[in-house]
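Everything on this sheet refers to the single structure shown next.
Atoms within each ligand, like the ligands themselves, are counted from 1 in listed order. Values below: all heavy atoms of this structure, side chains included; hydrogens, waters and symmetry mates excluded.
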Amino acid sequence: MSAQLIKGTEIRNVILDELKKEVQDMKAKHGVVPGLVTILVGQNPASISYVTLKIQTAEGLGFHEIQDNQPENISENDLLALIDKYNKDPKIHGILVQLPLPKHISEKKVLNAIDPDKDVDGFHPVNVGRLMIGGDEVRYPPCTPAGIQELIVRSGTETKGAEVVVVGRSNIVGKPIAIMMAQKGKGANSTVTIVHTGTKDLASHCKRADILIVAAGVPGLVKPEWIKPGSTVIDVGVNRIGVNEKGKAILRGDVDFDAAKEIAGKITPVPGGVGPMTITMLMKNTVKSAWLHIKGNV
Ligand code: GUN
C-alpha cells in the first residue's frame, strides 16, 4: 500500500490564505501592515533565490517589504549599523539576515544584534531560550521546525505519546524540533529521541519511530527497512544530486522515498514537502510580530 503524501505546497497555500486575511484585518482595524526586511550580503545564487521567494511571498500577502542588498565586502560594523537602523524602524516588524555570511563577518555577532522582538527567524539566543521554556514564552519558533510541526498536525498524525525520532542535531532543525515535540501541548507531548553521527545503531532507533523526522543532509541515508510500517515520515533533506538536461538541480531527500512510501503511513515528498513550509512560517512569525508590536507586547 502506498503512503498518504503530506503535500507541503497545499498546506502552504491554506496557511498563506489564512495569513492574507489576517493582514487585511490588521490593516483595516489598525492601519498597519507587517513589515519585513531581508538583508542579503553578496551574490550567493542560492541565497538570491531564497530571498527573492521570501520577498515575493511577503508582497503577495500585502506586507511592507524591503529587500536590502549589500556588497560582499561590507564591513561587519556597517552591517551591525544597518541592523540597528531596522531595529529602530517602527514600520519593520521582522528582520532577516540571509545566511551564510561572508567569512569576514561573525554570524554570531550579527544574529545577536537583531532585536529579539523582531527576530522572525527565531535564531537569537533569547528566542532559543524562550523555545526551550515552551508554552506562552515561545515567541518566534524557528521556521523549518515550525513548518514540520504544522505538517504533522495538519496531516492528522497523533503526537501525544508518540515515539518521535529526530535524525540530526543542528541548531536550525534537529535540536529545536526535538524540543518542540517534547513540550506539553497541542501537536507535541511526544517521547523524543535525537540520533546523530555519534549514535551506535541508527537503524534500531528509527525502527521504533511513530514519527521519523530526518534532517541529516545525507541523500538516501534512511533505508526502507528502518521505517516502522504505518509511521509518519518527515524528510527535511534537500540534497542537490546533479542537474537535469534543462540545467535544473535534481533534488533528493534523506530518505529513500520510492521504497519508503510503500511502508510508511504518511510521508513528505522532496521537493514539495517541508521546503515550502519554511517561508510560510517566516510570514506567520512576521504577522505575529506585527500584532505584538501593535498591542505593545514587546
Ligand atoms: N539560509 C538558509 N536558510 C535560512 C533561514 O531559514 N534563515 C536565514 N536567515 N538564512 C538562511
Side-chain angles (χ1 to χ4, degrees), residues 8 12 15-16 34-58 63 65-70 72 74 76 79-80 82-83 86-87 92-103 105-128 131 139-151 168-177 180 213 215-217 234-240 249 251 253-254 270-271 273-289:
R12 168 195 62 194
I15 297 174
L16 289 181
L36 174 67
V37 59
T38 52
I39 301 173
L40 173 66
V41 179
Q43 299 280 325
N44 177 323
S47 293
I48 291 173
S49 67
Y50 284 134
V51 165
T52 305
L53 204 53
K54 286 169 187 174
I55 284 297
Q56 281 171 352
T57 310
F63 284 18
E65 35 73 28
I66 298 173
Q67 182 171 343
D68 194 329
N69 292 343
Q70 294 295 327
E72 178 88 18
I74 186 176
E76 189 177 89
L79 184 58
L80 294 174
L82 188 68
I83 292 168
Y86 290 119
N87 279 342
I92 292 296
H93 307 103
I95 301 171
L96 180 138
V97 179
Q98 187 67 24
L99 304 176
L101 288 168
K103 287 200 172 53
I105 298 176
S106 157
E107 228 163 73
K108 186 172 158 184
K109 262 194 202 164
V110 166
L111 294 180
N112 288 4
I114 297 172
D115 177 352
D117 291 326
K118 296 189 177 186
D119 167 41
V120 286
D121 252 335
F123 292 165
H124 192 288
V126 166
N127 286 317
V128 176
L131 187 83
R139 188 150 283 185
Y140 307 118
C143 301
T144 301
I148 293 169
Q149 198 173 30
E150 285 279 353
L151 291 179
R169 56 180 158 185
S170 70
N171 287 330
I172 292 182
V173 184
K175 280 192 255 181
I177 191 61
M180 289 161 75
I213 301 169
I234 307 289
D235 190 349
V236 191
V238 184
N239 306 293
R240 285 157 210 262
L251 302 179
D254 290 350
V270 176
V274 175
M277 296 301 291
T278 300
I279 291 178
T280 308
M281 302 322 286
L282 176 72
M283 301 299 136
K284 190 168 175 174
N285 278 348
T286 308
V287 171
K288 182 175 184 185
S289 176

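The closest protein non-hydrogen atom to atom 10 (N) of ligand 1 is Leu99 N, 3.0 Å. Scanning the protein heavy atoms around atom 3 (N) of ligand 1, the nearest turns out to be Gln98 NE2, 4.3 Å. Regarding atom 9 (N) of ligand 1, its nearest protein heavy-atom neighbour is Asp121 OD2, 2.6 Å.
Taking the charged nitrogens against the carboxylate oxygens, Asp119 and Arg139 have no contact shorter than 4.0 Å, which rules out a salt bridge.
Within the 4.5 Å cutoff, the side chain of Leu131 has heavy atoms near those of the Pro142 side chain.
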Stepwise side-chain contact (heavy atoms from CB on, under 4.5 Å) test for Val274 and Leu151: CA-CA 8 Å; Val274 175; Leu151 291 179; 4.0 Å; yes
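Listed by atom number, the atoms of ligand 1 under 4.0 Å from Val97 heavy atoms are 8 (C), 9 (N).
Applying the side-chain hydrogen bond (donor to acceptor under 3.5 Å, both in side chains) test to Thr144 and every residue at least two apart in sequence or in another chain returns Thr278.
Of all the heavy atoms of Leu96, the ones lying under 4.0 Å from any atom of ligand 1 belong exclusively to the side chain.
The minimum heavy-atom distance linking Thr38 with Lys54 is given by the pair CG2-CB, 4.4 Å.
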